[in-house]
Peer 1: 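Could you have a look at this structure, given as structure tokens, before my questions?
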Amino acid sequence: MRDAFGPGTADRALTDVAGLLNGCCRRSDVVGRLGDAQFVVLGAVAVAPSAEVMRNRLERRLAVHNQTRSPWGPIDLRTSIGSWTAQDGGTFAEFLDAAESRLRSVALEIKT
């Protein structure tokens with residue numbers, strides 16, 4: 001997007017994604033940016049089924065956003081959802097690494 005439409009457009013898309021994510025979350029959730037085009041939502045006091053609820057909310061909001069977005073076209077998001085508790089037998093950092101790995105696998109599948 002940056003190459004095709006310039007840095008302002010890419011920055012606007014990132015702002016749009018951040019707004020979409022914030023709109024899908026509860027006040028107790030935390031939205032953060034992990035990399036150039038990677039975000040994370042931490043539902044600190046969430047139960048596992050709430051991840052799917054959040055994903056559904058995000059997909060609905062994204063669909064509405066994409067219907068009104070112009071001239072750059074729709075925003076395409078890939079999501080990876082999981083849950084972690086201290087009893088899971090791994091660190092939170094390992095959990096985040098695994099989630100990122102799943103996203104990269106999806107991205108590679110799409111490219112091939």
Side-chain angles (χ1 to χ4, degrees):
M1 193 177 259
R2 195 172 298 280
D3 293 340
F5 299 108
T9 302
D11 291 342
R12 177 65 185 166
L14 289 172
T15 301
D16 289 351
V17 170
L20 287 166
L21 290 171
N22 278 321
C24 296
C25 296
R26 303 164 303 164
R27 284 185 232 157
S28 61
D29 296 337
V30 178
V31 176
R33 187 171 171 195
L34 290 178
D36 287 340
Q38 297 171 332
F39 291 86
V40 63
V41 176
L42 175 63
V45 291
V47 293
S50 65
E52 268 312 311
V53 170
M54 189 178 299
R55 175 185 267 171
N56 291 337
R57 270 191 242 141
L58 175 60
E59 288 174 353
R60 284 192 311 270
R61 286 180 180 260
L62 182 62
V64 169
H65 178 79
N66 282 340
Q67 289 175 352
T68 61
R69 187 171 168 80
S70 64
W72 305 286
I75 293 175
D76 180 30
L77 296 180
R78 291 167 198 82
T79 60
S80 175
I81 293 181
S83 62
W84 178 87
T85 67
Q87 294 80 25
D88 287 342
T91 67
F92 185 66
E94 291 169 337
F95 168 74
L96 286 179
D97 287 342
E100 182 178 8
S101 178
R102 287 190 303 272
L103 283 173
R104 287 180 191 212
S105 294
V106 169
L108 286 175
E109 287 175 19
I110 290 171
K111 286 182 181 179
T112 57

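Keep in mind the model is a prediction, meaning the values are calculated, not measured. Values below: all heavy atoms of this structure, side chains included; hydrogens, waters and symmetry mates excluded.
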Peer 1: Has the side chain of Ser101 got a donor or acceptor atom that lies under 3.5 Å from a matching backbone atom of Asp97?
Peer 2: no
Peer 1: For the hydrophobic clusters of this structure (ILVMFWY residues joined by side-chain heavy atoms under 4.5 Å, transitively), does one cluster hold both Val30 and Val40?
Peer 2: yes
Peer 1: Are the side chain of Arg57 and the backbone N or O of Cys24 linked by a donor-acceptor pair below 3.5 Å?
Peer 2: yes
Peer 1: Measuring from Glu59:CD to Asn66:CG, what's the distance to the nearest 0.5 Å?
Peer 2: 11.5 Å
Peer 1: Let me confirm one number: the CG-CZ distance from Leu20 to Phe39, rounded to the nearest 0.5 Å.
Peer 2: 9.5 Å
Peer 1: Would you give the length of the straight line joining atom CG of Leu58 to atom CG of Leu77, rounded to the nearest 0.5 angstrom?
Peer 2: 6.0 Å
Peer 1: Check Cys25 against Val31 and note the closest heavy-atom contact, atom names and distance.
Peer 2: SG-CG2, 3.6 Å
Peer 1: Name all residues meeting the side-chain hydrogen bond (donor to acceptor under 3.5 Å, both in side chains) criterion together with Arg55; count only those two or more places apart in sequence or in a different chain, and write none if there are none.
Peer 2: Glu52, Thr79
Peer 1: Distance check, rounded to the nearest 0.5 Å: Asn56 atom CG versus Arg61 atom CZ?
Peer 2: 13.0 Å
Peer 1: Rounded to the nearest 0.5 Å, how far does CG of Asp11 lie from CG of Asp16?
Peer 2: 11.0 Å
Peer 1: Closer than 3.5 angstrom, by distance alone: can the side chain of Asp29 be matched with the main-chain N or O of Arg26 as a donor-acceptor pair?
Peer 2: yes
